[in-house]
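Just so you know, ligand 1 is whichever comes first in the structure, and atom 1 is the first atom listed for that ligand. As the structure is a computational prediction, the values presented were derived from the model and not from experiment.
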Amino acid sequence: MRDAVIATRFTELVGVRHPVVQTGMGWVAGPRLVSATAEAGALGILASATMTVDQLRSAVREVKSRTDAPFGVNLRADAGDAAERVRIIIDEGVRVASFALAPSRELIARLKDAGVVVIPSIGARRHAEKVAAWGADAVIVQGGEGGGHTGSVATTVLLPQVVDAVDIPVVAAGGFHDGRGLVAALAYGAAGIAMGTRFLLTSDSTVPDAVKARYLAAAVTDVTVTTKVDGLPHRMLRTELVDALERSGRAASLLRAVRHAAAFRRESRMSWAQMVRDGLAMKHGKDLTWSQILLAANTPMLLKASMVDGRTDLGVMASGQVAGLIDDLPSCAELVDRLMAEARAALHTLPGTD
Ligand SMILES: Cc1cc2nc3c(=O)[nH]c(=O)nc-3n(C[C@H](O)[C@H](O)[C@H](O)COP(=O)(O)O)c2cc1C
């Protein structure tokens, strides 16, 4: 009984052992973390928005060289080179395509025709309804307590709302770190849980130790939401840098954004023409100003400074509120085994129903 599997519509759809997902986190969810997650029996998702197309291809091949288990790739449907990235996913036989923003109906159809499972992440019921109508196989629904870009509705409200609205499997994200959370999500009607912050805080994650230490030391109240990084609500650890960003005026913000846009262009080996094309794609159908688009380059550069370079003074540390509940760095295998044991125990300690 101890090792009994908790099978759900999600585990059947994707072919993983456990109903647990490690989400695509820029600069964090690389081949090492993803393959360790896959080997642990959960679904690992590579973050590709912060990789060039060539880096994505070699990252996918590296994961395949480390594990035979299914894994996914997270990409931006509005990136100028999205078609090339989709081709890599199809050619390399990647099991799951995950999207931060809703992909088009055509893109979903193309991936599904090639046998790829399509799982967009959404933060509102109407987005879930839209992608379900377009043929998405499942959705990850992220409540406001989740790390990175986030909404204002808590998982406990958003999750049942989305479960009631769509017929496809719903994976719950935002605020999960243990087996009790998995059982609670299943009780709401979810088919599994997805976690970002908890997987960042494992020994398999490549985030520098000094940065992990900042997360471990954080209390729930040390996690805040700011719109000053890129104009969108972004949940992260509150640091001196974040306080300074909150105080800075519009001119200083734009100057910083221009610097970061130039750095991002160098890093991503994009031409200015490509950057403008991507900006236009982001703008399409949305009420964004050019200064907001410029600000978007802030996120990858500020995240890289901490997640790769270990500069907690110069970078931001995207984080869910759940960082305040986490105080260890297990391996992915230890984490998933422990979480599943906790979930089985929680199921057995629920009050009887007679
Ligand atoms: C450091 C960090 C980076 C993230 N980067 C991305 C990203 O590039 N794309 C994306 O779709 N979500 C990103 N997210 C959001 C996560 O994928 C996930 O939805 C979120 O962390 C779930 O909430 P939790 O942290 O409470 O588990 C990021 C989150 C963190 C903590």
Open item on the list: Does Arg57 form a salt bridge (Lys or Arg N to Asp or Glu O under 4.0 Å) with Asp54? I'd like the steps, not just the answer.
Closed with: CA-CA 5 Å; Arg57 190 179 293 106; Asp54 288 342; 3.2 Å; yes
Open item on the list: Check Arg198 with Asp328, please: is the shortest side-chain N to carboxylate O separation under 4.0 Å?
Closed with: yes
Task: Minimum heavy-atom distance between Ile108 and Pro103, given as atom pair plus value - done: CG1-CG, 3.7 Å
Open item on the list: Looking only at distances, can you tell me whether any N or O atom of Thr197, backbone or side chain, sits closer than 3.5 Å to an N or O atom of ligand 1?
Closed with: yes
Open item on the list: Salt bridge check, Arg66 against Glu62: does any charged N sit closer than 4.0 Å to a carboxylate O?
Closed with: yes
Task: Closest to atom 9 (N) of ligand 1 among Gly196, Ala100, Gly24 (heavy-atom distance) - done: Gly24
TODO: Run the numbers for me: atoms of ligand 1, each under 4.0 Å from some heavy atom of Leu200, listed by number.
DONE: 1 (C)
TODO: Would you mind running through ligand 1 and noting each atom that sits below 4.0 Å from a heavy atom of Gly26?
DONE: 3 (C), 4 (C), 5 (N), 6 (C), 7 (C), 8 (O)
TODO: Between Gly144, Pro120, Gly175, flag the one that comes closest to atom 26 (O) of ligand 1 by a heavy atom.
DONE: Gly175
Open item on the list: Taking distance alone, with N or O pairs closer than 3.5 Å, would you say Ser319 contacts ligand 1?
Closed with: no
TODO: May I ask whether Ala47 has any heavy atom positioned less than 4.0 angstrom from an atom of ligand 1?
DONE: no
Open item on the list: With a cutoff of 4.0 Å, is Ser121 in contact with ligand 1, counting heavy atoms of the residue only?
Closed with: no
Open item on the list: Please determine whether residues Val316 and Val308 belong to a single hydrophobic cluster, defined as Ile, Leu, Val, Met, Phe, Trp and Tyr linked transitively by side-chain heavy-atom distances below 4.5 Å.
Closed with: yes
Open item on the list: Quick test of your reading of the structure: of Gln321, Met25, Gln142, whose heavy atom lies closest to atom 30 (C) of ligand 1?
Closed with: Met25
Open item on the list: Hydrophobic clustering (ILVMFWY, side-chain heavy atoms < 4.5 Å, transitive) - are Val5 and Val16 grouped together?
Closed with: no
Task: Numbered atoms of ligand 1 (with element) below 4.0 Å of Met195, judged on heavy atoms - done: 27 (O)
Task: Contact check: Val322 vs ligand 1, nitrogen or oxygen atoms, below 3.5 angstrom - done: no
- [ ] May I ask whether Leu200 and Val211 are part of the same hydrophobic cluster, defined by side-chain heavy atoms of I, L, V, M, F, W, Y residues being less than 4.5 angstrom apart, directly or through others?
- [x] yes
Task: Closest protein heavy atom to atom 31 (C) of ligand 1, given as residue, atom name and distance to 0.1 Å - done: Ala318 O, 3.3 Å
TODO: Could you tell me which atoms of ligand 1, counted from 1 in the order shown, lie closer than 4.0 angstrom to a heavy atom of Asn74?
DONE: 9 (N), 11 (O)
TODO: Run the contact test for Ala49 against ligand 1 with a 4.0 Å cut-off on heavy atoms, strictly below, and give the result.
DONE: no
Open item on the list: How far is atom 15 (C) of ligand 1 from the closest protein heavy atom, and which atom is that?
Closed with: Gly147 O, 3.3 Å
Open item on the list: So that I can tick it off, tell me whether Glu92 and Arg61 are bridged by a salt bridge, with the cut-off set at under 4.0 angstrom between side-chain N and carboxylate O.
Closed with: yes
Task: Path from Val139 to Phe10 over hydrophobic side-chain contacts below 4.5 Å - done: no
TODO: Write out the residue and atom name of the closest protein heavy atom to atom 16 (C) of ligand 1, then the distance separating them to 0.1 Å.
DONE: Thr23 OG1, 3.3 Å
Open item on the list: Testing the basics here: between Ala38 and Pro70, what is the closest heavy-atom pair and its distance to 0.1 Å?
Closed with: CB-O, 3.9 Å
